Student: 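Before I ask anything, let me first share the structure, which is written out below as structure tokens.
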Amino acid sequence: MTRPNEMIRSPRQRAARRPAGLRALAVLASTLAAALAGCASPTPTFYTLSDAPGLPGTPTASGTSGTSGTSGTSGTSGTSGTSGTSGARTIGAEAPAAPYAVEVSPVAVPEQVDRPQIVITRGGGRVDILEASRWSAPLKTELTSTISRDLTQRLGAMDVYGLPRADGLTVYRVSTSVQRFESVPGEQAALTAVWSVRRAPGDLVLTCRFAGTEPASGGVAEVVAAQRKLVDRLAEGISRAIATSAQGAGSTPRCQD
């Protein structure tokens, strides 16, 4: 039923009111869209530890490192358990030349940094979880893949983790537990890890500790590059132990001082 107010308006008056209402709705929709666009998260930047300079490499003079541990010919490894899933293994372009293989188990990492976002330390017990700066893969996978790639390239050996292998093939099983993975943009990156190598078949066991720092002037990209150097230095110590053991009788691998 038409209300009295509408009865006294002409059709032209009622038509003139409609465009104004539509214009108001259009302005409201535009304002809402702009507000939603302002609240949208920025596109994240992804980083990886696998983009390293040519191998083999040596520790940089600017960093500090130290290794310690015990070695023996029997017993079991003293490293903490590993967790997570294995990442893709990278094999060098040339066919492996070593008469043995390596088996790199998934790396264990502290829960505080075991997340897609890069975690940086600000001091005073405070950390920042960077939503806009992320690892290209879970951190444990990044570390596992990088160590595997470094070992296969340095030693010329295949990583056969999770794969069937021929009887009689000597395999060096590598386990790594990261205890400290600290990133401080503008200052340094720090890495502490316990690693072990077990030869199979055989009874050789070597357990060592790596602790190192690298300067990281700049922002997130620079601190990631510093962590990359630390992981490469960690892998270099592991590769030296394996290479020494593979030399045969009279060659006993030891933790680096």
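This structure is a prediction, so every number in the text was calculated from the model and none was measured.
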Student: Can you measure from CG (Leu49) to OG1 (Thr141) and round to the nearest 0.5 angstrom?
Tutor: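 Rounded to the nearest 0.5 Å, the CG-OG1 separation comes out at 11.0 Å.
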
Student: Say you draw a straight line from OG1 of Thr45 to CZ of Arg134; how long is it, rounded to the nearest 0.5 Å?
Tutor: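 Spacing of OG1 (Thr45) from CZ (Arg134) equals 11.0 Å.
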
Student: For Glu142, which residues count as a side-chain hydrogen bond (donor to acceptor under 3.5 Å, both in side chains) partner, sequence neighbours excluded?
Tutor: Thr48, Ser136

Student: Ignoring hydrogens and geometry, is there a side-chain-to-backbone donor-acceptor pair from Thr152 to Arg149 under 3.5 Å?
Tutor: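 Between the backbone of Arg149 and the side chain of Thr152 there is a qualifying donor-acceptor contact (under 3.5 Å).
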
Student: Checking Val231 against Ile147 for the side-chain contact (heavy atoms from CB on, under 4.5 Å) test, could you report, in this order, the C-alpha distance in whole Å, the side-chain angles of both residues, the deciding distance, and whether it holds?
Tutor: CA-CA 7 Å; Val231 177; Ile147 292 173; 4.0 Å; yes

Student: Give the minimum heavy-atom separation between Ile242 and Val102, together with the two atoms involved.
Tutor: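 Closest approach of Ile242 to Val102, heavy atoms only: CD1-CG1, 4.0 Å.
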
Student: Could you tell me whether the side chain of Cys255 reaches within less than 4.5 Å of the side chain of Leu206, counting heavy atoms only?
Tutor: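 Contact flag for Leu206/Cys255 side chains = yes.
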
Student: Run the side-chain contact (heavy atoms from CB on, under 4.5 Å) check on Leu143 and Val109 step by step: do they pass?
Tutor: CA-CA 9 Å; Leu143 290 165; Val109 299; 3.3 Å; yes

Student: For a quick test of reading the model, state the closest non-hydrogen atom pair linking Pro185 to Val223 and the distance between them.
Tutor: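 Nearest heavy atoms, Pro185 then Val223: N-CG2, 4.2 Å.
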
Student: Can you check salt bridge (Lys or Arg N to Asp or Glu O under 4.0 Å) on Glu214 and Arg233, steps first, answer last?
Tutor: CA-CA 11 Å; Glu214 282 283 344; Arg233 288 162 52 189; 2.6 Å; yes

Student: Can you sort out the partners of Ser183 under side-chain hydrogen bond (donor to acceptor under 3.5 Å, both in side chains), two or more places apart, ordered by chain and number?
Tutor: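 Partners of Ser183 by the side-chain hydrogen bond (donor to acceptor under 3.5 Å, both in side chains) criterion, ordered by chain and then number, come out as Gln227.
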
Student: Quick one: does any side-chain atom of Thr144 pair with a main-chain N or O of Lys140 as donor and acceptor, under 3.5 Å?
Tutor: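 Looks like yes, one N/O pair under 3.5 Å.
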
Student: Restricting to side chain to side chain contact (heavy atoms under 4.5 Å, CB included), what partner residues turn up for Pro110, sequence neighbours left out?
Tutor: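 Side chain to side chain contact (heavy atoms under 4.5 Å, CB included) check on Pro110 returns Gln112, Val113, Val178.
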
Student: I need the Leu204 CG to Arg173 CZ distance, nearest 0.5 Å.
Tutor: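 Going from CG on Leu204 over to CZ on Arg173, the span is 12.5 Å.
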
Student: What residues, two or more places apart in sequence or in another chain, satisfy ring-ring contact (aromatic ring centres under 6.0 Å, His included) together with Phe181?
Tutor: none

Student: Start with the C-alpha gap between Leu234 and Trp195, add the side-chain angles, then the distance that decides, and say whether side-chain contact (heavy atoms from CB on, under 4.5 Å) holds.
Tutor: CA-CA 9 Å; Leu234 167 64; Trp195 57 269; 3.5 Å; yes

Student: Please name the pair of heavy atoms, one in Ala243 and one in Tyr100, separated by the smallest distance, quoted to 0.1 Å.
Tutor: CA-OH, 4.4 Å

Student: Keeping the roles fixed (side chain from Glu222, backbone from Gly219), state whether a donor-acceptor pair exists under 3.5 Å.
Tutor: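 Between the backbone of Gly219 and the side chain of Glu222 there is a qualifying donor-acceptor contact (under 3.5 Å).
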
Student: Do you know which two heavy atoms are closest between Val197 and Val174, and how far apart they sit?
Tutor: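 Minimum heavy-atom separation between Val197 and Val174: CG2-CG2, 4.3 Å.
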
Student: Whether the side chain of Ser148 engages the backbone of Ser145 through a donor-acceptor N/O pair (distance < 3.5 Å, no angle test) should be reported.
Tutor: no

Student: Just jot down the side-chain hydrogen bond (donor to acceptor under 3.5 Å, both in side chains) partners of Glu182, sequence neighbours excluded, or say none.
Tutor: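 In terms of side-chain hydrogen bond (donor to acceptor under 3.5 Å, both in side chains), with neighbours along the sequence ignored, Glu182 is linked to Arg180.
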
Student: Give, for atom CG of Leu155 and atom OH of Tyr172, the distance between the pair rounded to the nearest 0.5 Å.
Tutor: 9.5 Å

Student: Starting from the C-alpha separation in whole Å, work towards a yes-or-no answer on side-chain contact (heavy atoms from CB on, under 4.5 Å) for Glu236 and Asp150.
Tutor: CA-CA 8 Å; Glu236 182 181 20; Asp150 280 11; over 6 Å; no

Student: What are the two closest heavy atoms between Asp159 and Glu103, and how far apart are they?
Tutor: OD1-CA, 3.7 Å

Student: Shortest non-hydrogen contact from Leu151 to Val104?
Tutor: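 Nearest pair, atom of Leu151 first, then Val104: CD1-CG2, 3.9 Å.
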
Student: Between Phe210 and Thr192, is any pair of side-chain heavy atoms under 4.5 Å apart?
Tutor: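 A side-chain contact is absent here, since even the closest heavy-atom pair is not under 4.5 Å.
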
Student: Val224 and Val127: same hydrophobic cluster, using ILVMFWY side-chain contacts below 4.5 Å?
Tutor: yes

Student: Ignoring hydrogens and angles, state whether a donor on the side chain of Ser245 or Arg199 is under 3.5 Å from an acceptor on the partner side chain.
Tutor: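 Arg199 and Ser245 do have a side-chain donor-acceptor pair below 3.5 Å.
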
Student: Which residues pass the side chain to side chain contact (heavy atoms under 4.5 Å, CB included) test with Ser133, not counting sequence neighbours?
Tutor: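 Side chain to side chain contact (heavy atoms under 4.5 Å, CB included) check on Ser133 returns Tyr47, Ile118, Leu130, Val220.
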
